[in-house]
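The next block holds one structure in the form of structure tokens; read it before the comments.
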Amino acid sequence: MGENCGWGKEHSTDEKENNHEGERIALFVDGPNILRKELGIHLEDIVEALSKLGNIRVAKVILNQYAPQSLIEAVSNQGFEPVIVAGEIGVKMAVEAMREVYNPNIDMIALATRNTEFVPIILKAKEKGKETAIIGVEHGLSSALKHAADYVIILKPRGEKIEERHHEDSEERREGGRGA
């Protein structure tokens, strides 16, 4: 996966222990930013990656009004709720995610995006005791998102290995420094 930056250990999802079986996940997908043909990422890839961390209980894909009907149908057929927004999707995604931050039946907030504007959601979720995950692609993924989330899952186009990083022992790293 590129750089580690001293923040967390990198794991392939194949190596990741499945010790989060009971985590109840709310997943929000930034459709225009992640579901792009040139990125080669599919909703199944996101679901598969998150299955290592727990069970998806809320699954929404936020799309703008220009989303083709075929994409909306595909989202629905995958078991996701398509949420169509006129204009920019950021505010709607933030509102939907914040609703789940305050839901006691959700343990983890997962955002599939590359956009820095969603860092405050991650920070508020952590403040409220939720675990957080970012699912993205290396190209254009905000380093602020990478550093803020508990889990960072980098998806590759189909056929390539999926990688995951978990920020653990951050107190030890802060005391030990980031060098070397």
Side-chain angles (χ1 to χ4, degrees), residues 13 20-142 144-146 148-158 162 164:
T13 52
H20 293 275
E21 292 174 357
E23 297 285 357
R24 297 165 297 182
I25 301 171
L27 167 63
F28 301 93
V29 179
D30 177 352
N33 203 319
I34 292 293
L35 301 178
R36 304 173 72 95
K37 287 182 184 179
E38 64 267 21
L39 297 178
I41 303 301
H42 300 270
L43 290 174
E44 306 91 54
D45 303 327
I46 297 169
V47 170
E48 180 182 335
L50 280 177
S51 71
K52 309 283 193 261
L53 299 177
N55 299 304
I56 299 171
R57 296 292 180 215
V58 174
K60 296 183 180 185
V61 177
I62 316 302
L63 299 165
N64 63 28
Q65 75 269 25
Y66 302 114
Q69 188 62 35
S70 59
L71 176 59
I72 296 167
E73 289 172 13
V75 164
S76 186
N77 289 338
Q78 288 293 320
F80 284 73
E81 179 184 338
V83 179
I84 313 303
V85 178
E88 292 293 318
I89 61 98
V91 172
K92 183 64 172 176
M93 189 157 149
V95 168
E96 294 288 335
M98 288 305 295
R99 178 179 294 128
E100 300 307 326
V101 165
Y102 288 93
N103 181 344
N105 298 314
I106 294 297
D107 304 310
M108 178 182 287
I109 302 296
L111 303 178
T113 187
R114 301 180 294 163
N115 197 327
T116 302
E117 75 180 343
F118 298 112
V119 169
I121 296 168
I122 295 297
L123 298 177
K124 181 56 78 173
K126 289 171 72 171
E127 177 185 313
K128 294 299 179 185
K130 307 289 185 185
E131 287 199 87
T132 59
I134 291 295
I135 303 97
V137 293
E138 192 65 48
H139 176 71
L141 180 60
S142 158
L145 280 173
K146 289 183 196 179
D150 295 312
Y151 294 88
V152 176
I153 301 170
I154 304 297
L155 297 177
K156 310 272 180 164
R158 293 215 164 195
I162 298 172
E164 176 183 312

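When a residue number appears, it is its place in the shown sequence, counting from 1.
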Note: Lys60 and Phe80 closest approach over all heavy atoms is N-CD2, 4.0 Å
Polar side-chain atom of Ser51 near backbone of Glu48 as donor-acceptor pair, under 3.5 Å | yes
side-chain contact (heavy atoms from CB on, under 4.5 Å) between Ile135 and Leu27, intermediate numbers included = CA-CA 10 Å; Ile135 303 97; Leu27 167 63; 4.2 Å; yes
Locate the shortest heavy-atom distance separating Asn115 from Ser142; write the atom from each residue and the value.
-> C-CB, 4.4 Å
Do the side chain of Gln65 and the main chain of Ile84 share a donor and acceptor less than 3.5 angstrom apart?
-> no
Asp30 and Pro32, any side-chain heavy atoms less than 4.5 Å apart = yes
Quick one: do Leu53 and Met108 satisfy side-chain contact (heavy atoms from CB on, under 4.5 Å)? Show the steps, please.
-> CA-CA 9 Å; Leu53 299 177; Met108 178 182 287; 4.1 Å; yes
Salt bridge flag under 4.0 Å for residues Lys130 and Glu23 = no
Pairwise distance CD1(Ile121) to CD(Glu100) - rounded to 0.5 angstrom = 12.0 Å
So do Met93 and Leu111 actually touch side chain to side chain, heavy atoms under 4.5 Å?
-> yes
Going through the checks in order, is the side-chain contact (heavy atoms from CB on, under 4.5 Å) test met by Lys92 and Phe28?
-> CA-CA 10 Å; Lys92 183 64 172 176; Phe28 301 93; over 6 Å; no
Where do Ile122 and Ala133 come nearest, in terms of heavy atoms and distance?
-> CD1-O, 4.4 Å
Is the backbone of Ala148 close enough, under 3.5 Å, to the side chain of Lys126 for a donor and an acceptor to pair up by distance?
-> yes
Roughly how far apart are Ile41 CD1 and Arg36 CZ, rounded to 0.5 Å?
-> 12.5 Å
When rounded to the nearest 0.5 Å, the distance separating NE2 of His42 from CG of Leu35 is 9.5 Å
Flag side-chain contact, heavy atom, 4.5 Å: Ile134 against Leu141 = yes
State, yes or no, whether a side-chain contact exists between Leu39 and Arg114 at a heavy-atom distance under 4.5 Å.
-> yes
Compare every heavy atom of Ile34 with every heavy atom of Ala112, then report the nearest pair and how far apart it is.
-> O-CG1, 3.4 Å
With rounding to the nearest 0.5 Å, note down the distance linking CD1 in Ile56 to CG in Leu50.
-> 5.0 Å
Considering all heavy atoms, the nearest Ala49-Ile153 contact = CB-CG2, 3.6 Å
Nearest heavy-atom neighbours spanning Pro104 and Arg24 | O-NH2, 3.5 Å
Among Val61, Ile62, Thr113, whose side-chain contact (heavy atoms from CB on, under 4.5 Å) with Ile89 holds?
-> Ile62
Would Thr116 and Leu145 satisfy side-chain contact (heavy atoms from CB on, under 4.5 Å), going step by step from the backbone distance to the final call?
-> CA-CA 6 Å; Thr116 302; Leu145 280 173; 5.5 Å; no
Rounded distance [0.5 Å steps], CG in Leu71 versus NZ in Lys37 = 9.5 Å
Gap separating the CD1 atom of Ile25 from the OG1 atom of Thr132, nearest 0.5 angstrom | 11.5 Å
